[in-house]
Amino acid sequence: MAQNYSLAKVVIEHKKLINGFEYIEIKNTSATAKIALQGAHIFEYKRHYGNPVLWLSESSDFEHMKSIRGGIPVCWPWFGTPRALPSGRMPKDESLPQHGFARTAMWKLKNTNETDANSTEVTFSLSHTPESLKLWPHRFELELHVIVSDTLTVELKTTNLDDKAFLITQALHTYFDISHISHVRVKGLDKKPYFDALSMKEKIQDGDIIFNREIDRVYQDVYGKILLIDKNRTIKIQNEGSSSVVVWNPWVDKCKRMSAMKPSSYEGMVCIESANAFDDARIIKPNESHTLKAMIN
Ligand code: TA6
């Protein structure tokens, strides 16, 4: 069942994998992208030049209720494990899914817009269900607005449909495709405070981030542009509605223990995640909204 909304250069197609896994494929004169309805998960974005911008694991699942390994998982309404208070690094609540439930929920394709030949917009939505209310007792509407062009723009808008305020933490958990982990450095976080999830300690970044071991950090007070500098290209990330950024590479040992990763997968990816995490958690009042936005180019 393929519905073609195709003009000369622009294609927006609703497709299914052989196992019925649904996604939207976008092609325009700037780039191509693939977005799964499960999790409104962008699992491919590549411009018509250079390597793909997003990394996708060769052994990723495309199955019901299993998060895709790679691309941009939407971590919502909590990043990591749910926390009562922004500063509360409380013991893990194993009964609740890591990184929330939105990334394995089925979203709806709300609308599409072919702005012009090189820019295409799609919007996905997700609302509370009896299942979600058991995991998280709040009524909400979530929208993911994506603009596919030379820049990939992703806006995650949370609206509180409840009669009481609620707190969220979240992340656009972006996996970037890189030439090799030993070639890259991350600029833009110098002197920033971060929580080191490995030592569970607060630290201050000194200079650029280079990768020579497992790194799992939540940076705070980040308002400027982040640069991912690789051998042949620099990717720029600018966030809005956010002051926290997560930087992660599992390195050798954790990579071996992780689902849908090959032992060498850590060499070809790095996560730089646009977030509202820990102290950057957001309290949203009834009938109000908050938008987390990432611009990647
Ligand atoms: O964002 C970094 C992180 O929280 C790491 O600790 C690691 O667990 C990663 O997310 C992947 O999580 P996942 O639940 O997708 O396996």
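As the structure lists them, so they are numbered: ligands from 1, and atoms in each ligand from 1. Residue indices begin at 1 and follow the sequence shown.
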>> With salt bridge (Lys or Arg N to Asp or Glu O under 4.0 Å) as the rule and sequence neighbours excluded, what pairs involving residues 251-272 come up?
In response: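 Checked against salt bridge (Lys or Arg N to Asp or Glu O under 4.0 Å) - neighbours excluded - the pairs reaching residues 251-272 are Glu58-Lys262.
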Of all the atoms in ligand 1, which lie at a distance below 4.0 Å from a heavy atom belonging to [X]?
X	answer
Val246	1 (O)
Phe79	1 (O), 4 (O)
Met258	16 (O)

>> Could you check whether any heavy atom of Arg103 sits closer than 4.0 Å to an atom of ligand 1, since that is the contact criterion I want to use?
In response: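 Judged by the 4.0 Å heavy-atom criterion, Arg103 does count as contacting ligand 1.
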>> I'd like to know whether the aromatic ring centres of Trp107 and Phe124 sit less than 6.0 Å apart in this structure.
In response: no
> Is the distance between the ring centroids of Trp248 and Phe211 less than 6.0 Å?
Replying inline: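 No, too far apart.
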> By salt bridge (charged side-chain N to carboxylate O under 4.0 Å, His left out), which residues pair with Lys191, not counting sequence neighbours?
Replying inline: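 Residues passing salt bridge (charged side-chain N to carboxylate O under 4.0 Å, His left out) with Lys191: none at all.
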Where is the nearest protein heavy atom to [atom]: which residue, which atom, and how far?
atom	value
atom 3 (C) of ligand 1	His99 NE2, 3.7 Å
atom 16 (O) of ligand 1	Arg69 NH2, 3.0 Å
atom 12 (O) of ligand 1	Gln98 NE2, 3.1 Å
atom 1 (O) of ligand 1	Glu273 OE2, 2.8 Å

> At a non-hydrogen distance cut-off of under 4.0 Å, which region of Lys254 contacts ligand 1 (side chain, backbone, both, or neither)?
Replying inline: side chain
>> Could you check whether Thr151 and Thr153, counting side-chain N and O atoms only, form a donor-acceptor pair closer than 3.5 Å?
In response: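 No, because no side-chain N or O of Thr153 sits under 3.5 Å from a partner of the opposite role on Thr151.
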> Does an N or O from Asp216, backbone or side chain, lie closer than 3.5 Å to an N or O of ligand 1?
Replying inline: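 By distance alone, the answer is yes.
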> Would you call Lys203-Asp196 a salt bridge at under 4.0 Å N-O?
Replying inline: yes
> Would the number of heavy atoms belonging to other residues, nucleotides or ligands and lying under 6.0 Å from NZ of Lys201 be above 12?
Replying inline: no
